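The structure displayed is predicted, hence computed values, not measured ones.
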Amino acid sequence: MEAKDIQYFQEVLTGMLNDILEKSEATIEDMTESGEVYADPADRATAESDRAFTLRLRDRERKLIKKINEALQRIEDGDFGICQECGDDISIPRLKARPMTTLCINCKSKQEEDEKVRGD
């Protein structure tokens, strides 16, 4: 992979990481400032449902942060863009779609087929 491609993906991953961290901080601020009292139980239930949904999203983003950091480490180590299963290069279009991926499209397809057979 060319140096300009590596630079591009490093910038994309860093931008994704910064966006997630900003959203997390905004969520924390929003939830700590929210001291609303609801007279209607339906309103309270809706607010609690929204809060639970937001927390689930942030939990998924927390897991994504780990994957982004691992991808940035692979860039530092010189392993970025190399399939961890077969050792082939991961295509640029695949990396653009999912820059933190560790598998080429063929190995990922095989993994998904195996999961389908096992029922995962």
Can K63 and D59 be counted as an ion pair, charged N to O under 4.0 angstrom?
-> yes

Take R118 and E113 through the side chain to side chain contact (heavy atoms under 4.5 Å, CB included) test and state the conclusion after the steps.
-> CA-CA 9 Å; R118 288 191 316 262; E113 285 177 30; over 6 Å; no

Looking at CG of D77 and CD of E70, how far apart are the two atoms once the value is rounded to the nearest 0.5 Å?
-> 11.5 Å

Is the backbone N or O of I105 less than 3.5 Å from a side-chain atom of S109, with the two atoms forming a donor-acceptor pair by type?
-> yes

Keeping to residues at least two apart or across chains, list the ring-ring contact (aromatic ring centres under 6.0 Å, His included) pairs with something in residues 87-118.
-> none

Is the NZ or CZ atom of K96 positioned over F9's six-membered ring, under 6.0 angstrom from the centre and within 45° of the axis?
-> no

In the single-linkage hydrophobic clustering (I, L, V, M, F, W, Y; side-chain heavy atoms under 4.5 Å), do I82 and L72 co-cluster?
-> no

Would you say the side-chain atoms of R74 pair up with the backbone N or O of M100, donor to acceptor, closer than 3.5 Å?
-> yes

Residue set satisfying salt bridge (charged side-chain N to carboxylate O under 4.0 Å, His left out) with K66, at least two apart, ordered chain then number -> none

Report, as yes or no, whether the 6.0 Å neighbourhood of atom CD on E85 holds more than 12 heavy atoms from other residues, nucleotides or ligands.
-> no

Applying salt bridge (charged side-chain N to carboxylate O under 4.0 Å, His left out) to K67 and not counting sequence neighbours gives none

Shared hydrophobic cluster for L55 and L21 (ILVMFWY, side-chain gaps under 4.5 Å) = no

Atom of C104, atom of C83 and distance for their closest heavy-atom approach | N-SG, 3.4 Å

Salt bridge between E61 and R58, side-chain N to carboxylate O under 4.0 Å?
-> yes

Are L95 and L64 linked, directly or through other ILVMFWY residues, by side chains that come within less than 4.5 angstrom of each other?
-> yes

Value for OG (S91) from CE (M1), rounded to nearest 0.5 Å, stands at 9.0 Å

Working to the nearest 0.5 Å, report the span between CG of N106 and CZ of R94.
-> 10.0 Å

Considering only Ile, Leu, Val, Met, Phe, Trp and Tyr, and joining two whenever side-chain heavy atoms are under 4.5 Å apart, list the other residues clustered with L57.
-> F53

If two hydrophobic side chains count as joined below 4.5 Å and joins carry through other members, does I68 share a cluster with V12?
-> yes

Heavy-atom side-chain contact between I90 and L103 under 4.5 Å | no

Mind jotting down which residue pairs meet the side chain to side chain donor-acceptor pair (under 3.5 Å) criterion with at least one end in residues 9-22? Sequence neighbours excluded, please.
-> Q7-E11

Going by the ring-ring contact (aromatic ring centres under 6.0 Å, His included) test, which pairs reach into residues 83-115, not counting sequence neighbours?
-> none

Verdict with supporting geometry, L13 and Y8, side chain to side chain contact (heavy atoms under 4.5 Å, CB included) | CA-CA 9 Å; L13 288 163; Y8 168 79; over 6 Å; no

Do the side chains of I65 and I75 join up, straight or via other hydrophobic residues, at under 4.5 Å, putting them in one cluster?
-> yes

